[in-house]
Amino acid sequence: MQPNIHVILAKFPISGKVTDIKPFGNGLINDTFLVNCASESFILQKVNTAVFTKPETIASNLELAGNYLKEKAPDYLFIKPILTKVHEHYAVVENSFWRLTHFIENSYSIDNIEEPKQAYLAAKAFGNLTKKLDGINVELFEPTIPDFHNLSYRFHQFTQAIDRATEERKAEATNLISNFSSKKNIVTTYEELLSNPQMPTRILHHDTKINNVLFDKKTHEAVAVCDLDTLMPGLIISDIGDMFRTSLSPIAEDSPEYDKIKIREDIYEAICKGYLEKLDDILTETEKKYLNFGGEFMIYMQGIRFLTDYLNGDIYYPVKHPKHNFERATNQWKLLKAFQEFTEGK
Ligand code: ADP
Ligand code: GN1
Ligand code: MG
């Protein structure tokens with residue numbers, strides 16, 4: 001059972017009567033609520049501490065980034081948590097961690113890209129975040145989820161899950177397991193890149209789904225990126241890769257209408273244009289060369305993460321039916337094939 005939300009809100013210095021509280025957004029990990037007050041709105045979130053086992057690392061990374069941006073890019077709209085009345089980053093109630101941020105007024109997010117302009121603006125917004133944080137001491141950041149985008153580790157988890165799965169789920173997934181296993185060369189390429197000095201560690205968002213971009217209701221420009229829990233050091237392939245993964249296909253990542261999966265070329269061009277418009281001058285030639293590999297890397301990693309969860313009996317991603325993770329993994333497999341075909345020779 002959730003603690004009483006009014007008890008949580010009382011821990012924050014908000015003035016004005018709370019008029020409405022409702023669940024908000026379609027994120028898979030945290031519980032998000034929109035809190036309307038007489039004169040302002042807020043986003044209240046329960047941090048998933050099974051996933052973010054050290055929520056204080058999120059707060060300290062945001063603090064580092066926020067301070068740097070305040071000095072170097074004072075106009076940048078960076079969403080930081082509102083401190084509690086006793087100046088803490090979270091209200092801890094009945095062992096759960098709650099965070100409050102200002103709702104960015106007149107903003108909205110979308111779950112699906114309908115036109116290339118949206119992809120272009122989103123890519124520019126994620127590129128801008130990394131650009132504005134260029135030069136910050138990445139060593140000061142801590143991983144908020146250790147090994148989050150470490151593909152070698154994800155592959156290891158996948159093999160462990162195969163060993164431990166029930167016979168029933170393993171049998172169901174036989175083809176999918178062998179399909180993903182046949183592309184292990186993606187892990188090898190990732191490992192080579194890790195030790196390549198031309199692939200610097202940068203601060204990346206690590207969850208560049210389109211619904212983590214806030215658009216302005218009037219101008220439809222991108223005004224901010226949200227969901228900064230995974231703002232941490234990584235390789236450039238993560239963010240562009242997850243944009244390719246989540247934006248190129250016309251159908252959702254959990255749709256079983258696999259025949260509809262294809263690569264929308266105009267969206268691909270828009271992502272590259274927007275991202276490079278911000279980052280072209282700071283990326284190394286090697287980073288630029290591997291942007292497309294980012295797509296393979298992220299689609300492959302997400303595919304094996306979904307399949308791992310299916311084999312583990314659905315312990316990480318919320319599922320609506322028993323084959324949900326299986327369908328998600330199949331969807332990502334089809335997407336991987338389509339993406340590799342599309343980028344071959346590019
Ligand atoms: P999750 O980690 O579960 O994906 P998010 O932080 O992405 O949670 O929040 C879920 C949704 O809430 C986002 O997709 C966005 O629509 C909205 N949202 C989050 N933070 C804000 C904010 N500060 N202002 C306006 N909308 C927000
Ligand atoms: C999760 O929280 P949300 O829905 O933005 C996941 C991402 C996956 C995504 C797949 C912390 O993101 O890594 O890409 O689901 N976040 C975490 O939809 O695991
Ligand atoms: Mg989100």
Side-chain angles (χ1 to χ4, degrees), residues 22-36 40-55 57-58 62 77-82 97-112 122 125-126 143-151 153-154 157 204-217 222-232 234 238-239 241-247 249 252-255 294-295 297-309 315-320 324-325 327-329 331-332 335:
K22 56 178 178 230
F24 198 70
N26 292 317
L28 294 181
I29 301 296
N30 298 316
D31 289 344
T32 303
F33 300 88
L34 173 65
V35 177
N36 290 318
E40 214 192 335
S41 299
F42 300 91
I43 288 284
L44 178 70
Q45 287 180 308
K46 181 168 102 170
V47 177
N48 182 333
T49 45
V51 171
F52 296 99
T53 52
K54 290 203 226 154
T57 57
I58 302 176
L62 294 186
L77 179 52
F78 185 66
I79 302 175
K80 273 184 77 179
I82 299 169
F97 282 66
W98 294 82
R99 164 182 64 202
L100 192 73
T101 55
H102 292 283
F103 181 88
I104 303 299
E105 289 304 321
N106 298 313
S107 72
Y108 68 95
S109 66
I110 54 174
D111 287 310
N112 298 303
F126 285 118
T144 57
I145 303 176
D147 294 315
F148 186 48
H149 281 191
N150 177 346
L151 186 58
Y153 174 70
R154 295 298 184 186
Q157 287 184 314
L204 292 152
H205 183 283
H206 287 108
D207 190 1
T208 57
K209 276 191 207 176
I210 191 68
N211 63 12
N212 288 329
V213 178
L214 302 178
F215 292 95
D216 184 90
K217 273 189 182 155
V223 282
V225 295
C226 67
D227 206 348
L228 297 166
D229 297 332
T230 48
L231 186 77
M232 57 182 167
S238 279
D239 281 8
D242 212 31
M243 281 186 268
F244 289 150
R245 184 184 80 76
T246 56
S247 302
S249 167
E253 67 183 11
D254 64 348
S255 167
F297 165 74
M298 283 305 304
I299 301 167
Y300 185 72
M301 181 157 62
Q302 195 60 56
I304 61 173
R305 284 179 70 194
F306 286 144
L307 187 51
T308 299
D309 201 35
I315 54 177
Y316 189 89
Y317 294 105
V319 289
K320 294 193 174 133
H324 204 163
N325 272 319
E327 290 177 357
R328 287 168 169 147
N331 176 307
Q332 297 294 289
L335 183 62

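Order of appearance sets the numbers: ligands from 1, and atoms from 1 within every ligand. Because the structure is a prediction, the values reported are computed rather than measured.
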Using a 4.0 Å cutoff against the non-hydrogen atoms of I79, which atoms of ligand 1 qualify?
23 (N)

Heteroatom of D227 nearest to the Mg ion (ligand 3) (N, O or S, atom name):
OD2

Restricting to heavy atoms, the pick from V225, L214, N212, N26 nearest atom 7 (O) of ligand 1 would be N212

Note: D227, heavy atoms under 4.0 Å from ligand 1, region reported as both

Answer yes or no: does an N/O atom from Q45 fall short of 3.5 Å to an N/O atom of ligand 1?
yes

Looking only at protein heavy atoms, which one is nearest to atom 8 (C) of ligand 2, and what is the separation?
Q302 OE1, 3.3 Å

For atom 26 (N) of ligand 1, find the nearest protein heavy atom and state the residue, atom name and distance (0.1 Å precision).
F103 CE1, 3.5 Å

Side chain, backbone, both or neither: which part of T32 comes within less than 4.0 Å of ligand 1 when only heavy atoms are counted?
side chain

Does K209 reach ligand 1, in the sense of a heavy atom lying below 4.0 Å from it?
no

Which bit of N26 gets closer than 4.0 Å to ligand 2, counting heavy atoms only: side chain, backbone, both or neither?
neither

Quick one: look at M298 and ligand 2, take heavy-atom pairs under 4.0 Å, and tell me if it's side chain, backbone, both or neither.
neither

Mark up the atoms of ligand 1 that fall under 4.0 Å of a heavy atom belonging to T101, in ascending order.
23 (N)

Using a strict 4.0 Å cut-off to heavy atoms of G27, name the atoms of ligand 1 that fall inside it.
1 (P), 3 (O), 4 (O)

The atoms of ligand 2 lying under 4.0 Å from a heavy atom of D207, numbered in the order shown, are 2 (O), 3 (P), 5 (O), 12 (O)

Which residue supplies the protein heavy atom nearest to atom 18 (N) of ligand 1, what is that atom called, and how far is it?
I43 CD1, 3.9 Å

List the closest protein heavy-atom neighbour of atom 2 (O) of ligand 2: residue, atom name, distance to the nearest 0.1 Å.
I29 CG1, 3.2 Å

If we set the cut-off at 4.0 Å for heavy atoms, which region of D227 has an atom near ligand 2: side chain, backbone, both, or neither?
side chain

Just to be sure I read this right, does ligand 2 sit under 4.0 Å from the backbone of H206, its side chain, both, or neither, counting only heavy atoms?
neither

the protein heavy atom lying closest to atom 16 (O) of ligand 1 turns out to be S109 OG, 2.6 Å

For atom 17 (C) of ligand 1, the closest protein heavy atom turns out to be F24 CE2, 3.6 Å

Counting heavy atoms only, name the option from S107, G25, P81 that's nearest to atom 11 (C) of ligand 1.
G25

At what distance is the nearest protein heavy atom to atom 24 (N) of ligand 1, and which residue and atom is it?
I104 N, 2.9 Å

Give the residue and atom name of whichever protein heavy atom lies nearest to atom 14 (O) of ligand 1, and the separation in Å to one decimal.
N211 O, 2.6 Å

